[in-house]
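All remarks here apply to the structure that follows.
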Amino acid sequence: MSFQLTVAGKAAAIPYPALIATFFVNASDIDTSIPVEFVDEKSAVSDATAAVKLVTPGGETFVDQLDALDFLAQTFPDIITEKSKSQPWVKFALEKLYNKNFKDLVGDLEKLDAHLNFRSYIVGYQVTLADIAVWGVLRANPLMGSVLKNGVYPNISRWYNYLAESDKKFDKSVELMASSLNELKRAAKTAKTAASGGKKETHKASFEIDLPGAEMGKVVTRFPPEPSGYLHVGHAKAAVLNEYFAHAYKGKLIIRFDDTNPTKEKVEFQDSIIEDLALLGIKGDQVTYSSDYFQKMYELAVDLIKAGKAYCDDTPSEKMREERMVGDPSGRRERSIEENLQIFTEEMKNGTAEGLKNCLRAKIDYKALNKALRDPVIYRCNLTPHHRTGTEWKMYPIYDFCVPVVDSIEGVTHALRTNEYRDRNPQYEWIQAALNLRPVAIWDFGRLNFVRTLLSKRKLQWFVDKNYVGNWDDPRFPTVRGVRRRGMTVEGLRNFIISQGPSRNIINLDWSVVWALNKKIIDPVAPRFTAVDAHLAVPVKLLNGPKTPESETKPKHKKNPEVGDKTVIYADQVLIDQADADLAEGEEVTFMDWGNVIVSKVTKEGDVVKSIEANLHLEGDFRKTSKKLTWLADTKDKIPVDLVDFDHLITKDKLEEEDNVEDFLTPTTEFHSNALADLNVAKLKAGDIIQFERKGYYRVDVPYEEGKKAVLFTIPDGKQVSRYGAKK
Ligand SMILES: *[C@@H]1O[C@H](CO)[C@@H](O)[C@H](O)[C@H]1NC(C)=O
Ligand SMILES: *[C@@H]1O[C@H](CO)[C@@H](O)[C@H](O)[C@H]1NC(C)=O
Ligand SMILES: *[C@@H]1O[C@H](CO)[C@@H](O)[C@H](O)[C@H]1NC(C)=O
């Protein structure tokens, strides 16, 4: 007899705790392994905690995860440890944390978060049954993905990621489950295809949430920016999600310039938006312009008037606003169709004095509870020449009319947009219905907001005008250009947005979450170099060091040879950071990637170390020293660099509409420090991302030129805290 674990593939919640526990048994030295069988059915018992069956060598059968875990911990106490201390946590996990209603979870998550403050493990000083149970249940709960990624509960996220990274058994069990589930799905599909006589099936995107009604190959999404500014990270979410779904379903993405307001738009912004999208790795399958449809929209507006569903209104705007507020009808609401037609097609179209006084309003419901339905304006005169159609038109459709019309005409199947527009969804649907246009499914998601970050075009312009920042590509700006210049990678930003998914919660996110994801992308490929702070750098004389400088070829990244090689110079005169120089005479330390050194003499002036003498002790054991120091050969090949760090522009996490930006300006947001870097840094190009060992990640903004310092920007890695209290 031996063990056997059976896992139900279609269970409401995956029994990861049991799977992980068996992984621990498998991976241990003992001569037992627990085979796992995945079955394509719901569990025998409907309870989520019982989607698993453990049969023991003794022939006992457990169909409850709690009992199965209990038994495993009882049988393998050295592998799945701390059974009794873990017990309350196992119960807590299985009974509370599988819950898929966030509201019910909050209290328990807070409790767990507080418990994990200053703890690496739930119980004691190693992975125990408690960690296995809690981690597994959180992994199984689909709600938790974005909560964990966003660090809503910082201690839980830290612990969760730490376990996943330090103990591969956690992730391995997830992988095993995923591949087995896929196999089950494939088998089921083959069976189904066979049963249906080989008819093609609709596929699903590999996204946690599927687009309603989406069919493989038929999805058309769109991203409709107004060409009136640069893209910022808020737009990036809409762009990335629309692209993601279009391509996940092998469909099409339309980039549509919503150029319906000639007062605000410029050709240069059109070009910059295309560039910004390219920076995000997004290329539309088709680029269109709302202005291509001006004639068509005009005709549809006329149809709407003829159907008695729109009227011209010359009520002064102040009064119109008032009426809309209180739900009173406009005095012009009952104008005759003839009169409306005359005003719209003659006066407004020609931009006459009479036309300019009027606008066209959809006749929906002046006292609707949803104020967006209170006869919204759909056309307005504007005599400014349009950058594409010149003076051909004197009136232009409003966004709320243009978007549903053009979406439908262009064949868009799914309009993904932020839920700021949610109140306007019924209006969107009304317009399509009133014009007998093909309906488009709207799908809204929460807008991305970041702490201490302004996304309003007007406010950003203010910073540019006041010279608080260089320009729209300033590394402190949340524009796509700005964050890229700061060192954000396309993958980092995309992964982040996709991890957020189409969740509808609007959270004020901490930048550290995105930067931490970005770090995961850059760390495995960023070449490593050396830099020493120029300010008070300490000369170290190595009495027995090489009399003439010697050079060696070393990998730029110890774990990734593909990154290439660099030259390292060894000399008897080196420099170290003042911050590292607090050494005692006789102390043994390690010079990184060289060897041990024994300090013989330290010369100080007050607290400042002026110089050091030491002897190389290369036979010394680097594992026995507690200080590992960065050093740089003090030869003429050193490269001067300017390291620049930035802080948030504002000091308040969330600026309200009524707040005055000037009251919340961060006093200093740009910090320079001079450093000396190794000779390899001279070859870096603008845009290269590197790491200075023990200092951090940097992006080259201005490369080195003879006689001119290289300028490098610090790339946040999610751990720095700003001088003004916020995480970067
Ligand atoms: C444990 O090992 C067995 C035999 O090698 C294997 O079939 C089973 O899938 C493993 N279990 C887990 C959880 O990896
Ligand atoms: C852990 O949680 C506590 C309570 O929520 C919080 O005050 C603390 O800052 C958190 N610690 C860390 C390291 O995030
Ligand atoms: C509007 O312009 C058209 C074409 O130029 C012209 O025939 C018509 O008389 C104009 N209507 C008004 C009211 O100016």
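As the structure lists them, so they are numbered: ligands from 1, and atoms in each ligand from 1. Values below: all heavy atoms of this structure, side chains included; hydrogens, waters and symmetry mates excluded. Quick caveat, the model's predicted, so the values are computed rather than measured.
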Point to revise | Flag: protein heavy atom within less than 4.0 Å of atom 11 (N) of ligand 3 | key: yes

**Study point:** Protein non-hydrogen atom found under 4.0 Å from atom 5 (O) of ligand 3
**Key:** no

Review point. Any idea which part of E347 is under 4.0 Å from ligand 3, heavy-atom wise: side chain, backbone, both or neither?
Key: side chain

Practice item. List the closest protein heavy-atom neighbour of atom 1 (C) of ligand 3: residue, atom name, distance to the nearest 0.1 Å. Key: N350 ND2, 1.4 Å

Check your understanding: Looking at atom 9 (O) of ligand 3, what's its closest protein heavy atom, distance included?
Key -> E346 OE1, 4.0 Å

May I ask you to check whether [X] and [Y] show a side-chain donor-acceptor distance below 3.5 Å?
X    : Y    : value
D313 : S330 : yes
D653 : H648 : no
Y366 : E323 : no
E338 : Q342 : no

Exercise for review: State whether the side chain of R374 and the backbone N or O of M325 hold a donor-acceptor pair below 3.5 Å, judged by distance alone.
Suggested key: yes

